[in-house]
Novice: 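Questions regarding the structure given below will be posed in turn.
We name chains A, B, ... by the order of the sequence lines, and we start the count at 1 in each one. Computed from a prediction, not measured in an experiment: that's the story for all the values here.
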Amino acid sequence: MSHEAHAAAHGHVHAPPQGFIRKWIFSLDHKVIGMQYFLLALVAVFIGMGLSLLMRYHLAYPGEKIPLFGSTLTPELYLSLVTMHGTIMVFMVLTTAPQSGFGNYFLPIQIGAADMAFPVINMLSFWTTFVSFVVLIAAFFVEGGAPLGGWTGYAPLSALGEIAGPGQGMGMNLWIISIAIFCLGSLIGALNFITTTIDLRAPGMTFMRMPLTVWAWFITAILGLLAFGVLLAAGVLLLLDRVGGTSFFIPGGLVVTDKAITNHTGGSPLLWQHLFWFFGHPEVYIAILPGMGVTSHVLSTFSRKPIFGYRAMVYALSAIGVMGFCVWGHHMFQSGMSPYTAFAFSILTMSIGVPSAIKTFNWLGTLWDSQIRFTSAMFFALGFVSLFVSGGLSGLFLAQPAVDLPLHDTYFVVAHFHLVMGVAAIFGMFAATYFWFPKMFGRHMSEGLGKLHFILTFIGTNAIFFPMHWMGLWGQPRRYSSDSPFAFMAEMTPLHKFITIFAIITAVAQLIFLWNFLWSIWRGKKAEMNPWHATTLEWTIPGPPPHDNFGGEVRRIHRGPYEFAVPGEAEDFVMQDRAPALAGKA
Amino acid sequence: MPGAPVIDEIDIGHDGSGPPPAAAAPRGDDGGARQPHREIPQSIYLTALTLALGTILMFFMALVSAFIVRKGLGGDWRPIELPRVLWLTTAILLISSFTVERARRLLSSGETEGFKKWWYLTTGLGFAFLFGQFQAWQELRAAGVYLATNPSSSFFYLLTAAHGFHLLGGILALVYVALRGIVPRPGRHIQPGTAAEVASVYWHFMDGLWVFLFLLLHFGR
């Protein structure tokens, strides 16, 4: 039976599509879908970064016209930028690229599968997410503009409509609808990831032989599956309060912009916070876990050592995933919560420090006494560890109610979550991009430009977010568009200027990345099949991989994913699918 | 072929539930060391169903916890009189679980005519249930109880609508199984037995979920 006939008989390995639309637009190929997610995130991250630059310029030079933008920012516009920056970055960047982008591309290959379990659902998952992105961006262009309520959309102001502000009308409706659509896309995506991991692993690919990247995507998908349903439910309730006249979140007796709200009674704004953060906290881990997986993978590869404590890494990932569902209350210490409840949330939150520390020390253990190869990917993985520590430690401050109360809604919190969830996760994505680019495009990105990109970004992001800790301790509240009414805040304007200058430098550094990325697709140095001498399955096939990944072959897996420097081996790495030497032959 | 992976044995359908290993063609039959494709195991459909039920459960539990919290706030909560037709619809749905199970068992024992009869009956009962739920809405509407009348009615409409919407998905699954027929298809397609199993497990879940919601609405209104 010929290969084609076989493929036709068994259906799974569908023939590569020929037409442009089926090949690149409505593709069923997990690799193309992964690239689509990646490109969506790339567009979104530059939009989100652009919004942050507008805000940064305004904070440093309040009242001045912003170059290129042509006008100043009103307080309402500033708030809508805050909202859209947060929403775009959290949902369209941090949730899409690390998980749906790289996960889609490499999870099936790393477990030896020809595709995802449900290719059509995979395609629908991307296009649902794309529609969600379009709806979200549309909020900029409706009457009243984008919503003002921040990415957390706190009720009751998010539930009342236009009376709560210009963007709280149609803009807010679009925001909720966009998030609801995003939930659907993420849910079917998560379902696909988990099913693929459970049912389509190659023979011999036991759970404890899966690369840590796969573990991270798997656990992230479980978090998504359990969390996004809750956000969807909350979104439905919020939308009903806005358009159906219900009072789930709107209390009675409200007076908003000098008008009494008479048609709502008895609702609970705190109910929204509970539902939102029950999703919101796991969402933080949805953003960061894939970065942890990539960091483990890259550190081991370029240290030329097995990852230190593979099992401990798996258990720590799982523990972070489980505990992530038990700590949402730490976002609400300020809400009048009982001190006993706060105490429980506080203890649980600080307990997450244990698996986090296990991971950190295992990364350091992997690096210890190793022959590090300083590639761009390795630099970003090391940067991830650094940012995870500096951003994570401030989490221990904020986990204590007594410390959190004065720091709540200050720049200290802004510094904390940007470092640990935003920048660290982005560093994970950069590490993944530099690491897998040779596989995705068959060419290398420029290492020189990559290292320049790393140095500027590492210094830049630390220069942006580190001073914010002090600003927060000084009392600078977040989301304020202007310092001028408060004398103590005006004293921080020089620091704002410092941060803004580094924000611009960091943004320009990202153009270096963009140039390097685009240029290398066509002009980069040709890559061999396994340029990093890595061990996992994606390095046993050409780059870019063929349509059905393994050309129809069944790979049998014989070993764990990080067999570096194995005594007695000729080379310092052993591929996962290499059979052990026959007994007696040695 | 140099560099070709060593494959000790062909492991197909490692979960044991897959169809017979039709892919286990002799080695090298296409002139090289290329190994045959692995079948996609039918277990993916049941795994995906289990996961989908997990997320649907989370969705409804979020709504139910909102129900409990909102009711606990007291004040404006006014119990509504539940329409009596709900007892009938509940009975219809319970019966439909038995009919769908009977159909599935007939299919697995190869009695396709009996399968069809009971399967169509289940589909009809599903439509009857939805019609009854709609009647309940009409009754409430006639009594002047609307979505925004008070939180109790808000949750009534919301929970019944959300459940009805999911049950409609179940009806579509029943119709799909009926339309696609019972002829096995090669390749990655879902096989009739699996399709019937997925649809019926989903149906039982929707049944159980409704009983839970009905009790919640009845005792918690």
Side-chain angles (χ1 to χ4, degrees), chain A residues 1-3 6-13 113-114 117-118 121 187 190-192 194-196 198-204 225-234 236-237 240 244-248 252 263 265-268 271 274-275 278 540 548 551-556 558 577-579, chain B residues 3-12 14-15 22-23 25 29-41 43-45 47-48 51-52 54-63 65-66 69-70 73-77 146-148 150-151 153-155 157-158 162 185-189:
Chain A
M1 198 188 288
S2 73
H3 172 55
H6 212 104
H10 296 289
H12 176 227
V13 184
F118 303 103
I121 288 182
L187 284 173
L191 192 140
N192 218 346
I194 302 171
T195 308
T196 306
I198 291 177
D199 285 325
L200 298 188
R201 281 168 292 123
L225 193 83
L226 297 176
F228 277 110
V230 175
L231 181 63
L232 182 60
V236 170
L237 294 174
L240 282 177
T246 56
S247 303
F248 297 115
N263 51 350
T265 54
S268 166
L271 180 58
H274 278 292
L275 290 172
F278 186 85
T540 65
D548 54 1
E553 292 170 0
V554 179
R555 296 298 174 91
R556 173 161 276 277
H558 298 278
D577 64 345
R578 215 187 79 193
Chain B
V6 179
I7 294 171
D8 301 337
E9 59 185 277
I10 297 158
D11 184 340
I12 291 155
H14 52 97
D15 62 307
D29 60 345
D30 58 351
R34 193 186 290 272
Q35 294 304 316
H37 307 294
R38 259 165 89 229
E39 275 288 357
I40 293 293
S43 61
I44 61 170
Y45 299 103
T47 308
L51 298 170
T55 197
I56 290 170
L57 193 63
M58 288 303 287
F59 174 80
F60 276 96
M61 287 310 110
L63 295 181
S65 61
V69 168
R70 185 66 180 81
L73 295 173
D76 58 340
W77 188 283
Y146 302 103
L147 175 71
N150 76 67
S153 70
S154 302
F155 275 107
Y157 280 104
L158 176 61
R185 289 185 202 167
R188 64 169 298 122
H189 299 285

Novice: Could you check if a side-chain atom of B:Pro41 sits within less than 4.5 angstrom of a side-chain atom of A:Leu200, using non-hydrogen atoms only?
Specialist: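 The answer is yes; the side chains approach within 4.5 Å.
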Novice: Any chance you could measure B:Leu51, atom CG, to A:Ile194, atom CD1, to the nearest 0.5 Å?
Specialist: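 The distance works out to 5.0 Å.
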Novice: Out of A:Leu240, A:Leu225, A:Thr540, A:Leu231, return the one with the most heavy atom pairs under 4.5 angstrom to chain B.
Specialist: A:Leu225
Novice: Which atom pair, heavy atoms only, marks the closest approach of A:Ser268 to B:Leu73?
Specialist: CB-CD1, 3.3 Å
Novice: Heavy-atom distance under 4.5 Å between the side chains of A:Asp199 and B:Ile40, does that happen here?
Specialist: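 Of all side-chain heavy-atom pairs linking B:Ile40 with A:Asp199, none is under 4.5 Å.
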Novice: Mind ranking B:Ala62, B:Ala162, B:Pro151 by heavy-atom pairs under 4.5 Å with chain A and telling me who comes out on top?
Specialist: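 Greatest number of close heavy-atom pairs with chain A: B:Ala62.
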Novice: Which answer fits A:Leu237, side chain, backbone, both or neither, if we ask what part of it has an atom under 4.5 Å from a heavy atom of chain B?
Specialist: side chain
Novice: Quick one: closest heavy-atom pair of A:Thr265 and B:Arg70, and the distance?
Specialist: O-NH2, 3.0 Å
Novice: Please report the shortest heavy-atom distance between B:Ser154 and A:Thr246, naming the atom on each side.
Specialist: OG-CG2, 3.5 Å
Novice: About how many Å separate CG of A:Leu226 and CZ of B:Phe59, when rounded to the nearest 0.5 Å?
Specialist: 15.0 Å
Novice: Among all residues two or more places apart in sequence or in another chain, which pass the side-chain hydrogen bond (donor to acceptor under 3.5 Å, both in side chains) test with B:Ser153?
Specialist: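 Per chain and number, B:Ser153 pairs via side-chain hydrogen bond (donor to acceptor under 3.5 Å, both in side chains) with no residue.
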Novice: Does any backbone or side-chain atom of B:Leu158 lie under 4.5 Å from a heavy atom of chain A? Answer side chain, backbone, both or neither.
Specialist: side chain
Novice: So how far is it from A:Thr196 OG1 to B:Ile44 CD1, rounded to the nearest 0.5 Å?
Specialist: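 Between A:Thr196 OG1 and B:Ile44 CD1, I get 8.0 Å after rounding to 0.5 Å.
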Novice: Less than 4.5 Å apart, any side-chain heavy atom of A:Leu275 and any of B:Ser65?
Specialist: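 Answer yes - side chains close enough.
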Novice: If the condition is ring-ring contact (aromatic ring centres under 6.0 Å, His included), which residues does A:Phe278 pass it with, not counting sequence neighbours?
Specialist: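 For A:Phe278, the residues satisfying ring-ring contact (aromatic ring centres under 6.0 Å, His included) (neighbours in sequence not counted) are A:Phe325, A:Trp328.
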Novice: Starting at OG1 of B:Thr55, measure out to CZ of A:Phe228 and round the result to the nearest 0.5 Å.
Specialist: 10.0 Å
